[in-house]
Amino acid sequence: ADVPSYSDKMKDAIQYSLNQEEKLRRFLEDPMIPADNGFAERCIKPFTTARRNWLFSCSIEGAEAAAILFTLIETAKANQAHPYYYLKYLLETLPGQKVSKTNSFLDDCMPWSDAYRTYESDEKKAALRFFEDQCPPERPRTPRRKNRSA
């Protein structure tokens with residue numbers, strides 16, 4: 001019978017897999033360990049995409065502003081906050097604050113704070129009310145019985 005000939009790289013790969021067998025089978029023993037790293041890849045994808053865009057920042061200040069905005073958006077997403085409402089909340093809340101040594105207002109600026117969660121809920125309800133006022137639901141027409149007497 002023919003004996004397949006493997007390249008040195010293939011032999012090294014097979015030997016590596018055999019040496020790492022215990023670690024490679026670990027996900028079979030613990031259901032909390034994913035079989036692949038797709039979740040991690042999806043988590044870092046926005047960052048890698050943004051990194052490509054940062055190449056076109058015209059200045060250090062512009063790149064820093066983009067990084068800050070990116071961080072705010074990703075923090076909102078990580079805490080199940082809607083990025084649009086979170087940025088709107090920050091832009092409405094922060095200008096009226098006075099900087100002090102304690103900066104206690106910063107606790108309310110976090111996407112997990114009760115103050116923000118209440119704001120987001122109220123904004124979504126207001127948006128729904130606005131939409132309902134602009135587009136009242138159409139009532140379905142009742143089918144009419146045709147006069148069949150002839």
Side-chain angles (χ1 to χ4, degrees), residues 9-10 12-14 16-150:
K9 285 188 177 189
M10 182 61 119
D12 290 343
I14 292 170
Y16 177 80
S17 297
L18 292 173
N19 292 341
Q20 302 296 323
E21 182 177 6
E22 180 184 340
K23 294 174 186 169
L24 291 170
R25 290 181 179 266
R26 193 166 293 156
F27 79 94
L28 297 172
E29 298 162 5
D30 185 358
M32 296 300 289
I33 299 174
D36 63 3
N37 68 342
F39 177 74
E41 293 286 336
R42 286 188 300 277
C43 286
I44 66 169
K45 184 170 176 128
F47 181 75
T48 57
T49 303
R51 187 177 57 204
R52 283 185 66 198
N53 294 335
W54 294 335
L55 293 173
F56 301 103
S57 294
C58 296
S59 66
I60 300 286
E61 292 82 9
E64 287 175 353
I68 290 168
L69 190 59
F70 176 77
T71 301
L72 290 172
I73 290 170
E74 290 303 313
T75 302
K77 285 191 221 174
N79 288 282
Q80 288 78 43
H82 193 286
Y84 169 78
Y85 292 118
Y86 183 58
L87 291 176
K88 185 177 179 207
Y89 173 74
L90 291 177
L91 292 172
E92 290 175 0
T93 305
L94 290 176
Q97 300 298 329
K98 294 188 179 192
V99 179
S100 65
K101 290 184 181 186
T102 60
N103 288 337
S104 59
F105 68 91
L106 291 177
D107 290 337
D108 288 339
C109 292
M110 298 299 136
W112 54 82
S113 71
D114 291 335
Y116 168 70
R117 293 296 178 177
T118 303
Y119 174 86
E120 181 178 338
S121 176
D122 292 346
E123 285 291 312
K124 286 181 177 179
K125 287 176 187 173
L128 282 174
R129 280 194 306 275
F130 175 78
F131 180 72
E132 289 170 354
D133 291 344
Q134 297 299 315
C135 305
E138 259 187 53
R139 294 183 57 191
R141 294 183 178 181
T142 307
R144 302 284 182 218
R145 179 180 271 180
K146 294 182 177 180
N147 188 359
R148 301 238 177 212
S149 61

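Nearest heavy atom pair, residue Asp108 against residue Ser113, reads O-OG, 2.9 Å. Here the shortest heavy-atom pairing between Phe27 and Pro34 reads CB-O, 4.0 Å. In this structure, Ala76 and Tyr86 approach most closely via the heavy-atom pair CB-CD2, 3.7 Å. The minimum heavy-atom distance linking Arg117 with Pro111 is given by the pair NE-O, 3.2 Å. Thr93 and Cys109 make their closest contact through CG2-SG, 4.4 Å (heavy atoms, listed as atom of the first residue, atom of the second, distance).
Few gaps surround CD on Glu92; more than 12 heavy atoms of other groups in view lie less than 6.0 Å from it. Heavy atoms of other residues, nucleotides or ligands lying less than 6.0 angstrom from CG of Asp114 number 12 at most. Residue-environment remark: CD1 (Ile60) stays at or below the threshold of 12 foreign heavy atoms within 6.0 Å.
A donor atom on one side chain and an acceptor atom on the other are not found under 3.5 Å apart for Glu123 and Tyr89.
Between Glu29 and Arg25, none of the side-chain N atoms (NZ, or NE/NH1/NH2) sits under 4.0 Å from a carboxylate O, so this pair counts as no salt bridge.
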Working note: Tyr119 + Tyr85, criterion ring-ring contact (aromatic ring centres under 6.0 Å, His included); need CA distance, chi angles, decisive distance, verdict. CA-CA 8 Å; Tyr119 174 86; Tyr85 292 118; 7.3 Å; no

List the steps and the verdict of side-chain contact (heavy atoms from CB on, under 4.5 Å) for Leu94 and Phe105. CA-CA 9 Å; Leu94 290 176; Phe105 68 91; 3.7 Å; yes

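With hydrogens and angles ignored, the 3.5 Å screen pairs no side-chain donor or acceptor of Arg129 with any backbone N or O of Lys124. A donor-acceptor distance shorter than 3.5 angstrom exists from the side chain of Asp30 to the backbone of Met32, with no hydrogens or angles considered.
Taking CD of Glu120 as the start and CD of Gln80 as the end, the distance is 10.5 Å to the nearest 0.5 Å. In this structure, CD1 in Ile44 is found 11.5 Å from CZ in Phe39, a value given to the nearest 0.5 Å. If you take NZ on Lys9 and OH on Tyr16, they are separated by 16.0 Å, rounding to the nearest 0.5 Å.
Judged as a side chain to side chain contact (heavy atoms under 4.5 Å, CB included), and not counting sequence neighbours, the contacts of Thr71 are Thr75.
For residues 34-43, no residue pair satisfies the salt bridge (charged side-chain N to carboxylate O under 4.0 Å, His left out) rule, not counting sequence neighbours.
Residues Leu72 and Leu90 meet the side-chain proximity criterion, which asks for heavy atoms closer than 4.5 Å.
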